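See below for the structure under consideration.
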Amino acid sequence: MMKLTDTIAAVATGMNQGGIGVIRVSGEQAISIVDSIFVPKKAGKEIRNMDSYTAAYGNIVRDGHGTHASNDSKPEIIDEVIVLVMKAPSTYTKEDVVEIDCHGGMQVMKEILHLVIQKGARLAEPGEFTKRAFLNGRIDLSQAESVMDLISAKNELAAKSAVSQLRGDLKLKIQSMREKLIHNIAYIESALDDPEHYDLDGFGDELDHLLDEVCEEMNHLLRSAENGKMMKEGIQTVILGKPNAGKSSVLNVMMGRERAIVTDIAGTTRDTLEESISIEGIPLNIVDTAGIRETSDVVEKIGVDKSLEAMEDADLILYIVDSSVALDENDYQIMDKIKERNVIILQNKSDLKNVVTKEEITSHLEKPVIDISAKEQTGFEEFYALLNDMFFAGSLNYNDEIYITNLRHKNALEEALASVCMVKQSIADGMPEDFYSIDLMAAYERLGFIIGESVEDDLVDTIFREFCMGK
């Protein structure tokens with residue numbers, strides 16, 4: 001584990017052209033380091049004299065020309081800046097923190113960062129500011145991970161879920177379950193050490209009832225994991241159908257722009273085309289595929305094989321049927337391949353004379369069918385409503401529900417639940433109370449793994465290594 005006495009620094013904004021850039025400095029020497037390179041425009045605004053959460057306007061100057069320089073020195077100005085001072089412990093890292101708001105040029109930010117490092121700071125590792133917030137006890141590990149989730153959120157739902165975890169909603173839920181478990185562990189141990197003062201008669205039944213509540217809480221969180229995964233990563237959606245069924249036209253309507261080439265020539269799409277979009281708040285990772293049919297064309301066959309491969313990884317398949325053309329063997333083969341998957345059938349070209357009925361389709365594939373016209377852009381509202389119902393139980397209104405969006409959390413919950421179930425089995429089998437403690441403690445520790453109460457240093461390092469610089 002790195003020393004927390006180090007002072008670290010990094011560019012907290014992207015290293016690119018922009019209106020402003022922020023250099024963040026954190027640690028015991030943060031104030032003195034920035035004080036040595038900052039000349040305030042107004043007397044008395046030296047960094048060392050500033051109150052916490054106050055700002056000063058001035059210049060960053062080259063080495064040796066700061067506030068402690070002699071009167072004969074002529075400062076070499078690097079940039080005009082605003083400096084914000086935040087004093088421990090009421091800061092992001094619980095250390096002294098100074099942020100330098102400078103102009104957003106890459107060269108300017110590099111020069112200021114270089115000056116800060118010359119004065120005694122070191123370059124922060126990815127995620128080290130948030131890691132210090134965790135190690136110094138300001139946030140738990142689940143909150144720390146939610147910081148990166150918020151930064152990388154691709155849609156509104158993912159952002160709201162990350163904010164929920166950042167404010168500690170998951171932490172409070174986990175702590176509540178752990179308190180119930182540790183209370184009973186302590187009672188069992190006390191009763192075994194001092195049976196005269198602690199009565200275990202009927203304890204198994206009481207514990208069994210309590211564990212029913214804990215199991216339901218765990219199962220509720222685990223049931224949220226699938227939706228949580230889709231919120232965070234998006235619904236992996238594959239558009240399938242025969243050539244010229246209108247797959248690319250459907251994609252263009254959903255995108256709101258001409259993303260895919262559309263012609264009357266069957267087989268225009270030869271390769272997969274991938275896009276991430278949000279449909280009324282629903283995150284979709286869409287893969288438009290080559291038309292599926294028997295073909296002797298070598299290139300088209302490669303496209304068909306890629307289509308079938310994409311289908312295997314899909315959370316949702318949009319099967320596009322050309323309602324103006326009779327079903328054929330290619331349609332039946334597609335239906336056979338997708339009958340066990342999540343499928344929405346979009347019966348396209350409803351603006352033309354229909355020769356395919358819904359009944360004809362559902363007799364081969366019992367999946368919901370919606371009439372649409374990509375050309376007229378009709379039927380899509382019904383499709384979006386069905387999509388909502390299929391994946392989010394009919395409601396995408398975020399209502400402060402806690403969603404498990406992290407695979408590490410999901411695995412730990414599953415392991416904790418398995419340990420609780422073993423305790424319940426021991427109660428049912430009439431085992432002695434000391435058997436309960438082992439599995440109760442295992443569940444307690446696995447829950448602690450989620451919030452960082454029982455986690456190894458190597459894992460902590462791995463988690464924060466995924467963060468961006470300056471955060």
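Computed from a predicted model, the values in this text were never measured in an experiment.
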Taking Ile404's backbone N and O only, do any of them form a donor-acceptor pair with Ser224's side chain (distance below 3.5 Å, no angle check)? yes
The side chain to side chain donor-acceptor pair (under 3.5 Å) partners of Thr91 (sequence neighbours excluded) come to none
Around Glu366, counting heavy atoms of other residues, nucleotides and ligands shown, do more than 12 lie under 6.0 Å from its CD? no
For Asp149, give me all partners under salt bridge (charged side-chain N to carboxylate O under 4.0 Å, His left out), at least two apart in sequence or on another chain. Lys232
Lys171 atom NZ, neighbour heavy-atom count above 12 within 6.0 Å: yes
Using the six-membered ring of Phe129, assess whether NZ or CZ of Arg132 lies under 6.0 Å from its centre and within 45 degrees of the ring axis. no
Between the side chain of Asp169 and the main-chain N/O of Gln165, is any donor-acceptor distance below 3.5 Å? no
Is there a donor-acceptor pair under 3.5 Å between the side chain of Asn59 and the backbone N or O of Pro40? no
Have Tyr57 and Glu80 got a donor and an acceptor in their side chains that come within less than 3.5 Å? yes
Backbone N/O of Ile450 and side chain of Arg408: donor-acceptor pair under 3.5 Å: yes
For the pair Lys247 (side chain) and Lys242 (backbone), establish whether a donor and an acceptor sit closer than 3.5 Å, ignoring hydrogens and angles. yes
Side-chain donor/acceptor of Asp140 to backbone N/O of Ser142, under 3.5 Å: yes
Sorted by chain and residue number, the side chain to side chain donor-acceptor pair (under 3.5 Å) partners of Thr93 (sequence neighbours excluded) come out as Ser26
Donor + acceptor pair across side chains of Glu145, His409 (<3.5 Å): yes
If we check side-chain contact (heavy atoms from CB on, under 4.5 Å) with Phe383, which of these qualifies: Ile279, Leu346, Val250, Val253? Leu346
Can you see whether Tyr92 engages Thr130 through a side-chain donor-acceptor pair at a distance of less than 3.5 angstrom? yes
Check: Asp439/Ser419 side-chain N/O donor and acceptor closer than 3.5 Å: no
